[in-house]
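First comes the structure, then the notes that go with it.
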Amino acid sequence: MELIEIYVLCKERTKKLVLRFLDELLPSREEVAEDYPYPEYSDEPECVYDTSDELLQVLEKDESASYSVYWDGTGNSVVKSAMSFFTEDGCMIAGITVPADGSESWLNKLSELVGGEYGYVGFDSPPPDTREEFIQMCKGSDQIRLVAGEKLRD
């Protein structure tokens with residue numbers, strides 16, 4: 001079974017939105033990381049959080065912080081993993097890993113859930129670090145994608 005990743009630019013950067021999308025699409029899950037050094041990839045982090053819940057509170061407030069948070073499914077869910085990417089320009093991108101055969105319906109579902117108007121199907125590659133780069137990626141993709149709320153496919 002081929003897996004794909006679907007990414008959608010969220011309407012807001014909030015812990016509440018992350019938890020809503022996780023509870024809806026991956027209710028049975030586990031955190032991938034053991035802990036969360038902050039800032040991400042820092043040799044000398046200001047703080048190390050024990051859970052993603054603690055980290056999400058900080059990332060909602062610090063809009064210049066860039067961070068990638070991952071969860072794996074633990075049950076028989078069709079969604080295999082979920083991701084939240086906090087961009088350096090104050091935005092957030094939601095992502096899911098799902099079987100390739102339902103890409104259009106998953107793109108629709110995720111975009112409705114997070115209020116997104118831009119999204120695309122990816123293959124084992126994280127999304128760009130800024131809103132503008134993400135929008136350009138959507139516009140330039142040759143896969144099914146969402147651009148300004150309109151579904152496109154080449």
Side-chain angles (χ1 to χ4, degrees), residues 1-42 45 48-60 62 65-131 133-138 140-147 151 153:
M1 167 178 53
E2 181 185 10
L3 295 176
I4 59 168
E5 295 167 347
I6 297 179
Y7 300 110
V8 174
L9 184 64
C10 301
K11 68 178 176 182
E12 58 191 39
R13 178 184 171 125
T14 64
K15 176 183 171 183
K16 181 179 178 180
L17 183 61
V18 173
L19 295 178
R20 186 172 74 208
F21 119 76
L22 288 173
D23 289 344
E24 178 75 23
L25 298 180
L26 197 63
S28 181
R29 63 185 176 268
E30 63 185 4
E31 297 179 6
V32 172
E34 290 181 21
D35 57 27
Y36 301 90
Y38 182 83
E40 189 173 33
Y41 308 122
S42 175
V48 177
Y49 297 101
D50 292 327
T51 67
S52 62
D53 193 59
E54 295 170 307
L55 176 66
L56 293 174
Q57 290 176 324
V58 172
L59 293 172
E60 181 176 341
D62 185 355
S66 175
Y67 215 103
S68 304
V69 188
Y70 296 84
W71 298 265
D72 281 337
T74 57
N76 291 330
S77 172
V78 175
V79 177
K80 302 304 177 194
S81 64
M83 304 148 270
S84 288
F85 300 93
F86 293 82
T87 66
E88 61 193 38
D89 59 353
C91 294
M92 187 174 74
I93 299 163
I96 54 175
T97 304
V98 293
D101 59 356
S103 61
E104 185 172 348
S105 63
W106 284 109
L107 179 61
N108 290 340
K109 187 168 190 158
L110 183 57
S111 65
E112 288 174 13
L113 195 56
V114 300
E117 293 189 349
Y118 291 90
Y120 68 94
V121 173
F123 301 92
D124 203 26
S125 178
D129 293 328
T130 67
R131 179 184 189 279
E133 290 172 324
F134 186 86
I135 290 171
Q136 292 308 314
M137 177 82 82
C138 294
S141 174
D142 61 355
Q143 301 295 316
I144 187 162
R145 62 206 180 274
L146 191 62
V147 176
K151 228 180 317 169
R153 62 172 71 102

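Side chains of Y38 and D62: a donor on one and an acceptor on the other come within 3.5 Å. When only modelled atom types and interatomic distance are considered, Y7 and E5 share a side-chain donor-acceptor pair under 3.5 Å. A donor-acceptor contact closer than 3.5 angstrom is absent between the side chains of Q57 and Y49.
Relative ring orientation between Y36 and Y67 is described as tilted, the plane-to-plane angle lying within the 30° to 60° band.
Closest approach of L146 and S111 over heavy atoms only: CD2-CB, 3.5 Å. For the residue pair I96 and W106, the shortest heavy atom distance occurs at CD1-CE3, 3.8 Å. Here the closest heavy-atom approach between residue G73 and residue L26 is recorded as CA-CD1, 3.5 Å. Summarising the geometry of K80 relative to L3, their closest heavy-atom pair is CG-CD2, 4.0 Å, with the distance given to 0.1 Å. Across all non-hydrogen atoms, the minimal contact from T97 to S81 is OG1-OG, 2.7 Å. Scanning both residues, T87 and R13, for their nearest heavy atoms gives O-NH1, 2.8 Å.
In terms of modelled atom types and a separation under 3.5 Å, the side chain of E2 and the main chain of P99 share no donor-acceptor contact. Side-chain atoms of R153 do not come within 3.5 Å of backbone N or O of D142 as any donor-acceptor pair. A side-chain donor-acceptor contact under 3.5 Å links S105 to the backbone of G102.
In this structure, F21 and S84 have side chains that are in contact, with non-hydrogen atoms separated by less than 4.5 Å. Between W71 and V79 the shortest side-chain heavy-atom distance does not fall below 4.5 Å. The shortest distance between side-chain heavy atoms of M92 and V18 falls below 4.5 Å. Between K151 and N108 the shortest side-chain heavy-atom distance falls below 4.5 Å. Residues V8 and I93 form no side-chain contact, since every pair of their non-hydrogen atoms from C-beta on lies 4.5 Å or further apart.
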In a table with atom names and distances, give each donor-acceptor pair under 3.5 Å that connects a side chain of residues 114-131 to protein atoms at least two apart or in another chain.
| unit_1 | atom_1 | unit_2 | atom_2 | d |
| --- | --- | --- | --- | --- |
| T130 | OG1 | E133 | N | 3.2 |
| T130 | OG1 | E133 | OE1 | 3.1 |

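Note: S28 OG to D72 CG = 11.0 Å, rounded to the nearest 0.5 Å. A distance of 13.5 Å separates OH in Y70 from OG in S52, rounded to the nearest 0.5 Å. Once rounded to the nearest 0.5 Å, the distance linking CD of E54 with CG of D35 reads 10.5 Å.
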*Step by step, would you call M83 with S68 a side-chain contact (heavy atoms from CB on, under 4.5 Å)?*
CA-CA 7 Å; M83 304 148 270; S68 304; over 6 Å; no

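Each of L59, L55, D53 was checked for a side chain to side chain contact (heavy atoms under 4.5 Å, CB included) with K15, and the lone residue meeting it is D53.
In this view, E12 and T14, L17 satisfy the side-chain contact (heavy atoms from CB on, under 4.5 Å) rule, not counting sequence neighbours.
Pairs of residues two or more places apart, or lying in two chains, that qualify as salt bridge (charged side-chain N to carboxylate O under 4.0 Å, His left out) and include a residue from residues 17-30 are D23-R29.
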